[in-house]
Amino acid sequence: MNRNYGMFGIGLQPDANAAEPAVSFPASSDSPGIDVSTTTEPARVTNGMRDTTIDRYISGSESTATVTTLAFADMLGLVLYGTLGRIASTGDAAPYTHDIKMGEVLPTLTFTQQVGATDAALQTLDGCKVNSLAIEAEGTTPPSVQIGLAGCAAKWLEENVWNDPDFDADDGYFRTTDAEVLFSLTDGNAVAPPSSVILSRISISVANNVEAGTRFGEVDPHEQQEGAATVTASVEGTTSSTSMYRAVKTGSDTGTNIAKTIVTGALQVTFQHSKHPDWTFVVKLPAIPWTIEAMNVGVEGGPFALNLSTDGAISVSGTSIEFILTNGVESYTE
């Protein structure tokens, strides 16, 4: 078996039957893929002995899938739709534009994998919901996309050949080089950072707080149920000025008192594609209550460290985050 081989796929699951992959992609770093764990409880009786356990029974089962990969255009659209739940696709010809926002429910997915060899048995996890998504970019390293799924039923298949769709690395991915970061600390108008700021890292996460719904007498979940979503973000870098700390704390570059109400800003990141100059991936957070770390002085001198983050973005017009993806896929729902 070859630890260096792993192919993964995701497909929309419209009914109780597992779906074939609609997109395929490899991992870009260590990824467990499908993992199933069970918990057990003791069955005890008053037998007069120190060990009263006469048996154990399975009290719960958890099936998950976790993969970290690059921002491949075809895969990304389906994952983003699975994460937020609402997508509007437009365009008469490629490139097509997909506007993805928070929906009322999340689509159900099937996750497929082949690990260790090109003739290894395929595995599936059906009844999946996206539990978490994290997008991180640092320096010029390509953005990483960590997908966390919670599913219902995992199994090995008789098939040992990865069929359609094929993955082609030559199709490219969204890159960090030439990415544009716009943000604001005190209003919804995200703009280019001041010249005093040098950014080095961006991180954006969505947690859907998925919980398993398990029927009486069954071990495996019957369905995965999404909870309230939480969207977080962080921005790291350096700055030669402490004015940003003042703005976050007071609501203004010239403020004198700590703000008595929440001060919200905004964030927008645009990534370019490595092969298609007319394809873009845009992330928008319209209302962010920023927190900022104190800017320490130091005997070594140099710039101040800039660390912005949020405990949770605020929903505006029904969504706390919006993805706008332009690629060659006409639709993710048909």
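Numbers here simply count residues along the sequence, with the first being 1. Predicted, not measured: the structure shown is a model, and the values here were computed from it.
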J.: Output the distance between atom CE (Met244) and atom OG1 (Thr186), rounded to the nearest 0.5 Å.
T.: 10.0 Å
J.: side-chain hydrogen bond (donor to acceptor under 3.5 Å, both in side chains), that's the test. Do Thr39 and Ser59 meet it? Break it down for me.
T.: CA-CA 6 Å; Thr39 56; Ser59 57; 3.0 Å; yes
J.: Write down the atom of Tyr5, the atom of Gln114, and the distance for their closest heavy-atom approach.
T.: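 Shortest heavy-atom separation between Tyr5 and Gln114 comes out as OH-OE1, 2.8 Å.
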J.: When you look at Ile321 and Val283, which way does the side-chain contact (heavy atoms from CB on, under 4.5 Å) test go after all the steps?
T.: CA-CA 7 Å; Ile321 189 170; Val283 186; 4.0 Å; yes
J.: To the nearest 0.5 Å, tell me how far Thr280 OG1 sits from Phe174 CZ.
T.: 6.5 Å
J.: Is the backbone of Thr124 close enough, under 3.5 Å, to the side chain of Thr112 for a donor and an acceptor to pair up by distance?
T.: no
J.: Quick one: does Ser132's side chain get under 4.5 Å of Ser205's, heavy atoms only?
T.: no
J.: Can Val282 be reached from Leu267 by stepping across I, L, V, M, F, W or Y side chains whose heavy atoms are under 4.5 Å apart?
T.: no
J.: Check whether any side-chain N or O of Lys275 sits under 3.5 Å from a backbone N or O of Asp170 as a donor-acceptor pair, and report yes or no.
T.: yes
J.: Could you report the tightest heavy-atom contact between Asn189 and Asp187, atom names first, then the distance?
T.: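 Closest pair (atom of Asn189, atom of Asp187, distance): N-OD1, 2.9 Å.
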J.: Please assess Trp162 against Phe167 for the test side-chain contact (heavy atoms from CB on, under 4.5 Å), listing each intermediate value before the final yes or no.
T.: CA-CA 10 Å; Trp162 190 272; Phe167 171 78; over 6 Å; no
J.: With distance as the sole test, does Thr310 use its side chain to make a donor-acceptor pair with the main-chain N or O of Pro289 at under 3.5 Å?
T.: yes
J.: Considering only heavy atoms from C-beta outward, does the side chain of Phe111 approach that of Ile34 to under 4.5 Å?
T.: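 Phe111 reaches Ile34 side chain to side chain.
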J.: Would the number of heavy atoms belonging to other residues, nucleotides or ligands and lying under 6.0 Å from CD of Glu223 be above 12?
T.: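 More than 12 within 6.0 Å, yes.
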J.: Measure the spacing between OG of Ser315 and NZ of Lys101 and express it to the nearest 0.5 Å.
T.: 10.5 Å
J.: Check whether Gln13 reaches the backbone of Gly127 with its side chain - one donor and one acceptor, N or O, closer than 3.5 Å.
T.: yes
J.: Might you confirm whether atom CG of Asn2 has over 12 heavy atoms from other residues, nucleotides or ligands at distances under 6.0 Å?
T.: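 Atom CG in Asn2 is crowded, with more than 12 foreign heavy atoms closer than 6.0 Å.
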J.: Between the main-chain N or O of Ser196 and the side-chain N or O of Thr239, is there a donor-acceptor pair closer than 3.5 Å?
T.: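 Yes; judged by distance alone, with no hydrogens or angles, the pair exists.
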J.: When you measure from the side chain of Ser61 to the backbone of Asp220, do you find a donor-acceptor pair of N or O atoms at a distance under 3.5 Å?
T.: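 Not a single qualifying donor-acceptor pair exists.
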J.: What is the minimum heavy-atom distance between Val181 and Pro193, and which atoms define it?
T.: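 Smallest heavy-atom distance, with atoms named: O-CD, 3.3 Å.
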J.: Can you check whether Ala228's main-chain N or O pairs, donor with acceptor, with Asn209's side chain at less than 3.5 Å?
T.: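 Side chain of Asn209 to backbone of Ala228: a pair is present.
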J.: Using the rule that Ile, Leu, Val, Met, Phe, Trp and Tyr join whenever any side-chain heavy atoms are under 4.5 Å apart, tell me whether Leu199 and Ile135 fall into a single cluster.
T.: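 In one cluster: yes.
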J.: Given 3.5 Å as the limit, does a donor-acceptor pair link the side chain of Arg86 with the main chain of Met102, or not?
T.: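 Flag set: sc Arg86 to bb Met102 pair under 3.5 Å.
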J.: Give a yes or no on whether Tyr332 and Leu133 share a hydrophobic cluster (residues Ile, Leu, Val, Met, Phe, Trp, Tyr; joining criterion: side-chain heavy atoms under 4.5 Å apart).
T.: yes
J.: Are Ile147 and Phe8 packed together at the side-chain level, in the sense that at least one heavy-atom pair is separated by less than 4.5 angstrom?
T.: no
J.: Taking CG in Asp15 as the centre, count heavy atoms belonging to other residues, nucleotides or ligands within less than 6.0 Å. Is the count above 12?
T.: yes
J.: Count the heavy atoms belonging to other residues, nucleotides or ligands that lie under 6.0 Å from CD of Glu211, then report whether that count exceeds 12.
T.: no
J.: For Leu306, does its backbone N or O pair with a side-chain atom of Tyr245 as donor and acceptor, under 3.5 Å?
T.: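 Flag not set: sc Tyr245 to bb Leu306 has no pair under 3.5 Å.
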J.: Does the side chain of His98 reach to within under 4.5 Å of the side chain of Val329, using non-hydrogen atoms?
T.: yes
J.: Is the count of non-hydrogen atoms from other residues, nucleotides or ligands lying under 6.0 Å from Ile198 atom CD1 greater than 12?
T.: no
J.: Of all the heavy-atom pairs spanning Leu285 and Ala233, show the shortest one and how long it is.
T.: CD2-CB, 4.0 Å
J.: On a heavy-atom basis, which atom in His273 and which in Ala73 lie closest, and how many Å separate them?
T.: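 For His273 versus Ala73, the nearest heavy atoms are NE2-CB, 4.1 Å.
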J.: I need the minimum non-hydrogen distance between Glu330 and Ser89, along with the two atoms involved.
T.: O-CB, 3.6 Å
J.: So how far is it from Asn160 CG to Leu122 CG, rounded to the nearest 0.5 Å?
T.: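 Answer rounded to 0.5 Å: 7.5 Å.
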J.: For Asp30 and Arg3: C-alpha separation, side-chain torsions, deciding distance, then whether side-chain contact (heavy atoms from CB on, under 4.5 Å) applies.
T.: CA-CA 10 Å; Asp30 286 5; Arg3 185 172 178 263; 3.2 Å; yes
J.: Once rounded to the nearest 0.5 Å, what's the spacing between atom CZ of Phe72 and atom CG of Asp168?
T.: 10.5 Å
J.: Would you find more than 12 non-hydrogen atoms of other residues, nucleotides or ligands less than 6.0 Å from Lys155 atom NZ?
T.: no
J.: Does some side-chain heavy atom of Met75 sit less than 4.5 Å from a side-chain heavy atom of Val67?
T.: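 SC-SC contact between Val67 and Met75 ruled out.
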J.: Please check if the number of heavy atoms outside Tyr173 that lie under 6.0 Å from its OH is greater than 12.
T.: no
J.: Check whether Leu182 and Phe323 end up in the same hydrophobic cluster, where Ile, Leu, Val, Met, Phe, Trp and Tyr are linked by side-chain heavy atoms less than 4.5 Å apart.
T.: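 Not linked; separate clusters.
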J.: So do the side chains of Cys152 and Gln224 get within less than 4.5 Å of each other, counting heavy atoms only?
T.: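 Side chain of Cys152 against side chain of Gln224, heavy atoms only: contact under 4.5 Å found.
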J.: Considering only heavy atoms from C-beta outward, does the side chain of Ile324 approach that of Thr97 to under 4.5 Å?
T.: yes
J.: Could you state whether Val23 and Leu106 fall into the same hydrophobic cluster, counting links through intermediate Ile, Leu, Val, Met, Phe, Trp or Tyr residues with side-chain heavy atoms under 4.5 angstrom apart?
T.: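 As far as the 4.5 Å side-chain criterion goes, Leu106 and Val23 are not connected within one cluster.
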J.: In Å, rounded to the nearest 0.5 Å, how long is the span from CD1 of Ile100 to OG1 of Thr83?
T.: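 Taking CD1 in Ile100 and OG1 in Thr83, the distance rounds to 8.5 Å.
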J.: Can you tell me if Glu104 has over 12 outside heavy atoms packed within less than 6.0 Å of its CD?
T.: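 12 or below, so no.
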J.: If only atom types and distance count, is the side chain of Thr250 paired as donor or acceptor with the main-chain N or O of Ser252 below 3.5 Å?
T.: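 Yes, because the side chain of Thr250 sits within donor-acceptor range (under 3.5 Å) of the backbone of Ser252.
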J.: Taking the side chain as every heavy atom from C-beta outward, state whether Ser320 and Ile314 have any atom pair closer than 4.5 Å.
T.: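 Ser320 vs Ile314: side chains apart.
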J.: Decide yes or no on side-chain contact (heavy atoms from CB on, under 4.5 Å) for Phe183 and Ile288, but give the supporting numbers first.
T.: CA-CA 10 Å; Phe183 70 89; Ile288 303 174; over 6 Å; no
